[in-house]
Protein chains: 2
Amino acid sequence: MDIARYEIPDAGTPVACRSCQARHGVVCGALSSSQLKELGRHSLRRKVEAGSEIVAQGSESSFYSNIMRGVVKLCKVMPDGRQQIVGLQFAPDFVGRPFVRESTLSAEAATDAELCVFPRSLLDRMIAETPELQRSLHDQALRELDAAREWMLTLGRRTAEEKVASLLYLIAAHAEPQTATSTAFDLPLSRAEIADFLGLTIETVSRQMTRLRKSGVIHIENFRHILVPDMDALERVSA
Amino acid sequence: MDIARYEIPDAGTPVACRSCQARHGVVCGALSSSQLKELGRHSLRRKVEAGSEIVAQGSESSFYSNIMRGVVKLCKVMPDGRQQIVGLQFAPDFVGRPFVRESTLSAEAATDAELCVFPRSLLDRMIAETPELQRSLHDQALRELDAAREWMLTLGRRTAEEKVASLLYLIAAHAEPQTATSTAFDLPLSRAEIADFLGLTIETVSRQMTRLRKSGVIHIENFRHILVPDMDALERVSA
DNA sequence: GCTGCGATTTGATCCAGATCAAACTTTTCC
DNA sequence: GGAAAAGTTTGATCTGGATCAAATCGCAGC
């Protein structure tokens, strides 16, 4: 198999993926060392900047990726332009839809990110040969399904304030805690993206952020940097 | 393994599951005939009536099921009683959350239904031994994930009328078509359940149903029986 | 057939969040 | 360093769907 055949525009350095060889992650944690080596030979480390599309909605993708660093948003767009973010993925998640070529959603880097990109055909073969890998991907799919259903509850039944608090809580839970109770992080999403995640408008998101700030549940610095002095308090307002 | 150990209250007739032996379905289609026989020996055919709970939110379930007949709704409830239906499952879907014992949602029969119930420990062993079964369940999980994400778009970005039309379209798509364009079916959900699926109130659901009826997109008989003369028209108003 | 009850529809009013509009803040790029 | 552009906040007003209230329908039980 020749890596050039799989080269994608602006694909980055064709080096074996060190992080994969460290066996972390949904895919690489489930592979034997010879499989890791083979995957490494056909992988491209690719830096993508915030906003660039990884997979387009409606397109057929010949690639899967592992997220090495950064945040990826999964997005659905209606013909008239209405838009909904249907998932957020963090390192070391796997990006791609096994078994179906055509994507019903787009994947886009929400922050600057680093991916390990490899050909679909190769991983599909490894999935078929490696029950442990199938299990690992099955497990990720089930975790994503749990998360999606939790978000359905948020979208359908929570108020605007609860929605914003829930999203902040979700993101904070992926950041390093500062102390036992407090956490600080940079929001990976703009107000517009938050609105698209929560089924709100940017104005409503902004107003609810202000509300949370005035009530002391969060501190905001420079729009993007958030400090949560007490995670329990944030959880409480997210209902 | 003794089936009595797994007996559940009011569990129904302990007969081998004929339909499973016919190899249809997510689970049974992936098993060898000896596995089918073993699963059959430990299965209970169980009739459940509309409204009865199959798995309770927050409980630990020792059972999985296959849906033989009927519709099952997956539901999340907030401490204050707000409620969201997060999935509908039809025969021959598999019901249960592999790998995690505690359920974060409840499963409830939406219509009178018939299930094939069997012990978690047995299927977990078969999953570990049978890549084909893992694959089949992985595939169902991914289909459910696609569906969940489609509903996130509906919940977040569609209007009340589009929501109601989308749900009718979804259910109609599971019914036998009458002619090339028209379909008739009995709604498996009450107005209250529809509201809980769509993040609306029963009054809004009722008004939108009336609206769709007055515009000729659907005909309603006896509250529950729906005729869709033109599926394309219904799809159009669901945006 | 009458009665009572749950499910549904219909009507009147209210309000959370959308929309429209403008100011302000930060970043980008000459 | 300054101007334009992009992102965010704030304010005024509107509206789709919620809430409150009542009538109607269909069915189970007597």
Side-chain angles (χ1 to χ4, degrees), chain A residues 49-52 73 78 80-85 110-112 154-168 186-215 218-226 237-239, chain B residues 49-51 78 80-84 110-112 154-168 186-215 218-226 237 239:
Chain A
E49 58 186 24
S52 61
K73 60 178 183 175
M78 292 170 64
D80 64 7
R82 281 177 286 177
Q83 193 164 342
Q84 177 69 42
I85 295 180
T111 61
D112 289 347
T154 299
L155 287 170
R157 291 301 184 201
R158 287 197 233 257
T159 65
E161 183 178 31
E162 291 168 345
K163 284 180 177 181
V164 170
S166 299
L167 179 59
L168 293 177
D186 283 313
L187 267 180
L189 303 177
S190 69
R191 300 292 185 270
E193 289 172 316
I194 294 174
D196 280 340
F197 204 149
L198 299 174
L200 299 171
T201 58
I202 51 174
E203 294 93 331
T204 298
V205 170
S206 177
R207 278 186 247 273
Q208 297 304 332
M209 298 273 287
T210 302
R211 223 170 115 87
L212 290 172
R213 178 170 53 73
K214 286 184 176 162
S215 71
I218 59 173
H219 296 226
I220 306 178
E221 218 172 87
N222 250 344
F223 299 148
R224 284 290 188 118
H225 190 77
I226 307 287
V237 327
S238 65
Chain B
E49 58 186 25
M78 293 169 64
D80 64 6
R82 282 177 285 177
Q83 194 164 343
Q84 177 69 42
T111 62
D112 288 347
T154 300
L155 287 171
R157 291 302 184 199
R158 288 197 233 257
T159 64
E161 182 176 31
E162 290 168 345
K163 285 179 176 181
V164 171
S166 298
L167 180 59
L168 293 177
D186 283 313
L187 267 180
L189 304 177
S190 68
R191 299 292 184 269
E193 290 173 314
I194 294 174
D196 280 339
F197 204 147
L198 299 174
L200 299 171
T201 58
I202 53 174
E203 294 93 332
T204 298
V205 170
S206 176
R207 278 185 247 274
Q208 297 304 331
M209 298 272 288
T210 303
R211 224 171 114 87
L212 290 171
R213 179 170 53 74
K214 285 184 176 163
S215 71
I218 59 172
H219 297 224
I220 306 178
E221 220 172 87
N222 251 345
F223 299 145
R224 285 290 189 117
H225 190 78
I226 306 286
V237 329

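Quick note on labels: first sequence line is chain A, next is B, and so on, each numbered from 1.
The listed nucleotides are D/dG17, C/dA21, C/dT25; the one nearest the side chain of A/E203 is C/dA21. Which of C/dG17, C/dT25, D/dG17 sits closest to the side chain of A/A160 comes down to C/dG17. Which of D/dG26, D/dT19, C/dT19 sits closest to the side chain of B/T201 comes down to D/dT19. For A/R213, the side-chain atoms get nearest to D/dT10 when compared with the rest of C/dG17, C/dT9, D/dT10. Distances from the side chain of B/N222 to the nucleotides D/dC27, C/dT8, D/dG17 place D/dC27 closest.
Taking every heavy atom of both residues into account, A/R191 and A/V205 meet most closely at CD-CG1, 4.0 Å. Closest approach of B/L155 and B/F197 over heavy atoms only: CD2-O, 3.6 Å. The two residues A/I218 and A/M209 come nearest to each other via the heavy atoms CD1-O, 4.0 Å.
Residue-to-nucleotide proximity on DNA chain C shows that, of A/F223 and B/I202, the 5′-proximal contact is made by B/I202.
Spacing between atom CZ of A/R224 and atom P of D/dT9 amounts to 11 Å, rounded to whole angstrom units. Summarising the geometry, the separation between CD on A/E221 and P on C/dT25 is reported as 16 Å, rounded to the nearest angstrom. Taking atom CD1 of residue B/I194 and atom C1' of nucleotide C/dT9, one finds them 14 Å apart after rounding to whole Å. At whole-Å resolution of the value, CG in A/L212 and P in D/dT9 are 12 Å apart. One can place CD of B/E161 at 18 Å from C1' of D/dA18, the figure rounded to the nearest angstrom. Separating the CD atom of B/Q208 from the P atom of C/dT10 is a distance of 12 Å, rounded to the nearest angstrom. If you take CD1 of A/I220 and C1' of C/dC24, they are 15 Å apart, rounded to a whole angstrom. Between the CG atom of A/L200 and the P atom of C/dA18 there is a distance of 5 Å, rounded to whole Å.
Within the 4.0 Å cut-off from OP1 or OP2 of D/dG16, not a single side-chain nitrogen or oxygen of B/T204 is found.
A/R157 places a side-chain N or O within 3.5 Å of a backbone atom of B/Q83 that can act as its donor or acceptor partner.
Backbone-only contact: A/S190 has heavy atoms under 4.0 Å from sugar-phosphate atoms and none from a base. Among the atoms of the strands shown, none is found under 4.0 Å from any heavy atom of A/R211.
In the displayed structure, A/R82 atom CZ is contacted under 6.0 Å by more than 12 heavy atoms of other residues, nucleotides or ligands.
At a cut-off of 3.5 angstrom, the base of D/dG11 holds at least one donor-acceptor pair with the side chain of A/R207.
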